[in-house]
Amino acid sequence: MSLAGRSLVSINDVSNGEVEGILSLANKMRDSKGSKLDLCQGKILASLFFEPSTRTRLSFEAAMQRLGGSVIGAVDTKTTSLSKGESIADMARVVGKYADIIVIRHPWEGAARVAAEYAGVPVINAGDGSHEHPTQTLCDIYTIKKARGKIKGLTIALCGDLKYGRTTHSLAYMLARFGATIVFYSSPGLGPPEYVLRKLTTEYNGVLRRPTGRNLSSVALALGGSGKASATLDAIYVTPGTSHDLALIPDLRAEVDLKGVDALYMTRLQQERFSDAQGDTRKAYPVVDKGVLKRKELKRALVLHPLPRLDEIACEIDADPRSMYFEQAAHGVAVRMALIALLLGMQQAEAPAERTLPEVVTQPEIYRSDLGSRCENPACVSVHEARYIAPEFVVCGNKPLTLRCVYCDYEKQPNYVGNLKSRIYYACQDIRAGQIKVSNSVFFDSEEKAQERGFRPSAKAQQR
Ligand code: CP
C-alpha cells in the first residue's frame, strides 16, 4: 500500500492496516542498524519546531539523514517571519516550495492541519498544542507491540495529565482502534477532554465505564501516594464494544474488575499550558516508584512515558526491566524513517497479514460557514488565524446539538440555528431546527449574532 503524498496530522489519518505497514517498515529500518540508506537522497525535510523539543525534532532529523536526505529548519517563531505576522498558511505555501516534506510543531491546536492544507507537500504533525502527537503514538504502539506482541486485548493505563497531554489523546484513539482496554487515571481536574471520550465511544466503538470502589482503588491509591499531597485519581475505563449502540447506553455494571494492567503510560504535568491558578496541581501529582511497581496489579506492567519526565517517574526504577521509556524514545528514529520514506513515496507499506478490526463506525456531517459560530478554544488555530480560516465543525451530537471544531476538536453547543433559504432562525431545541439540513444551516451563539447577519426570529418556539 502507498502513503505517497499523504500527510499525518491526526493518528486517525491512517488506518489500522497502514499503521501496521508503518511499524513493519520501521522494523526493517531498525534492522539496518543505523547504517545510512540512500532511499531519500536528494530530498529535503523542513523541520519547523515552534515549541521546545529534544526527541521529536532530533529523531526526525536523524531519520532523514539516515535515509540519505537533508534537513532545513527553524526552531523558534522569532527567527521566522511568523514573528512579523505572516500566516501559517503563507509560511506553509513557501516552505512547501523549498522542501519535499514538512514536520511542524506549534502551540496552536490545528496548526499542522492548516499547514497540510496549504503546503502542497506531505506535512507531519509533531505536536499541536494540547491536541495530538501522532508520531509519538506510533513510537508508543511500536514499543508495546515489540514487548507484548499485540495490542488487542491488553489493558493499558494512561496516567497523569490527560487533559493537556497530547500524546495521550492520539494514543487513546489508537488503543481503542486496536481493541485494547484503556484505563484513564487522571490527576484531579486533568481528565481527558470530552471530545476524546466522545470520539472513543461514538467513532471507535468504545464502551465507557466510570467505576467506583474496590476495582480501581488498589492501583489508583498506589499511584496517588499517601499523605497530605496525595492525589485522588479519577478513573474511567474504555473497553472495546461490540456495537455502536452500546456506546450510547450508560453501563450500570460499573464494577469492572481490574486484575492488572499490561502497561502504565505516565505523563508529566504540562505546566506550560496552565494558568498560574492551577499550579498547585503539581503537589498532588501521581508518581511511579519502586513501591508502586511492587503491587501485584503492576507485576507485568511495562512503564512507558513520552518524556521528558519531571518527578512522576522516580529515577530508582530506571533499571527495572519493565521501564521502557528510553527504549521508546530510541525507537523514534526507525519509526520516523519509515514514515518519511512512505509519505515521500520512496517505499511501499506491506499490507497486514491479518484483517484488522473495524474502525470508524460513523462519519459525522461537516458544517462550514464563516457567518455564524466560531470555535471558542483560545488555543485553536482558527481563532488565531481567523482572517482566512472559515470555521468548520463536525456535527457530533444532536441532543443537545454539539459541534466539534475540525482543527482542534473542541466541542461547543450553539443556541440558535438559521435556515439559509428562509433567513429565519430558531432556538436549537425548537423542533423545526432539527428539520433544517446541515448544508442549509448557520449556527449562532446568540439572537443578536443571528440578527446582525440578517436572520429573522421564528414566529413561536416549538419545543423538541
Ligand atoms: N515525546 C516528545 O515529544 O518529546 P520532545 O518534546 O522532546 O520532542
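FYI, the numbering just counts along the sequence from 1. Predicted, not measured: the structure shown is a model, and the values here were computed from it. Both counts, for ligands and for their atoms, begin at 1 and track the order of listing.
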>> A quick test of your reading: do over 12 heavy atoms of other residues, nucleotides or ligands sit less than 6.0 Å from CD of E350?
In response: no
> Heavy-atom count around Y388 OH within 6.0 Å, excluding the residue itself: above 12?
Replying inline: yes
> So, D140 versus Y265: side-chain donor-acceptor pair below 3.5 Å or not?
Replying inline: yes
> Which of the atoms in ligand 1, numbered in the order shown and given with their element, are less than 4.0 Å from a heavy-atom of P306?
Replying inline: 1 (N), 2 (C)
> Near T54, which atoms of ligand 1 are under 4.0 Å from a heavy atom of that residue?
Replying inline: 5 (P), 7 (O), 8 (O)
> Taking the inter-plane angle between the rings of H384 and W108 on a 0 to 90° scale, is it parallel (under 30°), tilted (30 to 60°) or perpendicular (over 60°)?
Replying inline: parallel
> Cut-off 3.5 Å, side chains only: do R374 and S382 have a donor facing an acceptor?
Replying inline: no
> Which ligand 1 atoms, with their elements, are less than 4.0 angstrom from a heavy-atom of T56?
Replying inline: 2 (C), 3 (O), 4 (O), 5 (P), 8 (O)
>> If only side-chain N and O atoms count, and only distance matters, is there a donor-acceptor pair under 3.5 Å linking T167 with H133?
In response: no
>> Among all the protein's non-hydrogen atoms, which is closest to atom 6 (O) of ligand 1, and how far away is it?
In response: R105 NH1, 2.9 Å
>> When you compare ligand 1 with R57, is there at least one nitrogen or oxygen pair between them that comes in under 3.5 angstrom?
In response: no
>> At less than 4.0 angstrom from any non-hydrogen atom of L307, what atoms of ligand 1 do you find?
In response: 1 (N), 2 (C), 4 (O)
>> I need the atoms of ligand 1 closer than 4.0 Å to a non-hydrogen atom of Q136, numbered in the order shown.
In response: 1 (N), 2 (C)
>> So for ligand 1, is P308 a polar contact partner (N or O within less than 3.5 Å, distance only)?
In response: no
> In terms of ring plane angle, is the pair Y367 and F393 parallel, tilted or perpendicular, where the classes change at 30° and 60°?
Replying inline: parallel
> Among protein heavy atoms, which sits nearest to atom 4 (O) of ligand 1, and what does the distance come to when rounded to 0.1 Å?
Replying inline: R55 NE, 3.1 Å
